[in-house]
Q: 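One structure coming up, written as structure tokens, with questions to follow.
Numbering of ligands and ligand atoms starts at 1, following listing order. Throughout, numbering of the chain's residues begins at 1 and tracks the sequence.
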Amino acid sequence: MRKVFHPTGSAATVALLLVFAVAAAMFHGCAAAPPRAGAPDAGRPSMPPPPTARRPGIVSPPALRESVPGRPVRILMGEGPQQELAVEAETVRAWNYGGALLGEEKGALKLSARGETIRLGNGKVVDSPVDVSSPSGIRIGGRKVSGRVRVSARQGMLSAVAVVPLEEYVTAVASREGSPKFHPEALAALAVAVRTYALVAMEKPKGPDHDVVAGVEDQVFDGVDDVPDVFRKATGSTRGEFLAWHGLVARVYYHSTCGGRTENAKDAWGTDVAYLRSVACDDCRDSPAYKWDFRLTRNEGERIALSLGVRPEGDLRFVIAGTSSTGRASRIRISSGGVSRETSAAAFRRAAGYARVKSLKMEIVPVGNGWVLAGQGYGHGVGMCQWGANGMAKAGSTYREILARYYPGTSMSGGMP
Ligand SMILES: [Zn+2]
């Protein structure tokens with residue numbers, strides 16, 4: 001998901017040698033958000049295709065599995081062959097799995113992996129996992145996290161999983177995926193979408209010890225620091241609400257700007273989902289990415305061609321060889337020196353950069369010593385168009401009307417009594 005106005009700057013983050021997943025995210029984007037100035041995009045390249053929507057009648061409401069309500073979200077903050085991970089807070093406490101206090105440090109607690117065990121900064125070697133917390137919240141990999149962080153060692157690798165209350169997670173993600181300038185009803189719609197995405201992940205966790213990752217492969221979670229109040233209000237006003245489809249939690253996606261028409265999940269990822277089919281949308285006209293162009297230099301074009309398996313010669317050409325029913329490029333033919341190769345347009349976009357080729361709704365025009373890519377929209381185009389949601393909200397629509405438009409057939413579920 002990505003943004004136009006606020007750079008997430010995140011990129012990175014490394015606690016010592018621990019490489020954080022979020023860092024990898026040079027672009028944000030994906031599930032969601034408005035492009036922000038200078039920020040990278042949104043196209044979640046590795047997003048798994050949504051599963052086929054299930055038939056109605058198999059499960060009756062309430063939609064949530066019993067194991068989900070009330071439990072926190074487990075967010076993989078990072079993992080790697082680290083040498084040392086630092087967890088910072090005024091006073092950091094470490095506990096073992098059984099709840100016994102292992103140690104307390106002022107300022108920062110350092111942990112490192114020793115095979116299947118963990119070495120604490122004071123030299124003590126303890127069993128994995130170790131829970132780390134502080135009454136004032138802790139900072140890990142540059143991100144402030146409320147709740148606790150579980151640090152595990154496996155074969156000499158350390159992983160850190162933040163365990164965060166669901167509503168806190170929704171607020172934090174909305175603040176990264178959305179814009180504080182958006183209308184409150186658009187942000188409320190976003191909060192419901194973010195919560196719904198999280199609940200699906202909690203029902204089907206990504207790994208044995210985490211539900212989601214902090215980076216763009218899921219929704220961008222960048223900690224709980226400096227979250228503008230508008231996002232807390234959006235979360236609070238929709239507390240507990242999520243979208244369901246025939247008794248199951250809906251798999252929802254969102255993006256910054258559709259550029260005129262949202263995309264079918266089937267065209268983007270190959271799997272048809274009843275409530276992720278294309279809808280017309282001209283409410284995102286105010287988005288800075290409604291129309292865009294990008295000048296691709298000869299050198300850049302050669303680099304992209306090479307990375308996609310074609311050795312560039314003087315006659316290098318890029319041609320859109322297939323489009324989806326909504327006019328987005330699906331295949332691109334790269335040819336040069338008598339060699340011609342077709343690749344998915346998504347691979348081309350990834351190679352060119354998500355912030356530069358903002359969407360696949362584009363044309364490629366050779367000009368002088370290079371090309372101009374001219375397009376509309378920002379992101380994968382599936383599900384809710386955030387700028388469109390903002391346009392609707394400004395024109396008087398409620399968040400429920402917004403969600404019903406972009407996720408047709410879903411119904412609102414949950415919520416506080
Ligand atoms: Zn739109």
Q: Within a 6.0 Å radius of atom CZ on Arg295, are there more than 12 heavy atoms belonging to other residues, nucleotides or ligands?
A: yes

Q: Looking at every non-hydrogen atom in both residues, tell me the closest pair between Ala305 and Leu316 and how far apart they are.
A: CB-CD1, 3.8 Å

Q: Closer than 2.8 Å to the Zn ion (ligand 1), which protein N, O or S atoms?
A: Cys258 SG, Cys281 SG, Cys284 SG, Cys385 SG

Q: Within a 6.0 Å radius of atom CD on Glu313, are there more than 12 heavy atoms belonging to other residues, nucleotides or ligands?
A: yes

Q: Could you check Tyr290 against Trp387 for ring pair (Phe, Tyr, Trp, His ring centres under 6.0 Å), going step by step and ending with a plain yes or no?
A: CA-CA 9 Å; Tyr290 188 74; Trp387 276 90; over 10 Å; no

Q: Taking the side chain as C-beta and beyond, is there a heavy-atom pair between Tyr169 and Arg195 under 4.5 Å?
A: no

Q: Only counting residues at least two apart or in another chain, list the ones meeting side-chain hydrogen bond (donor to acceptor under 3.5 Å, both in side chains) with Thr297.
A: none

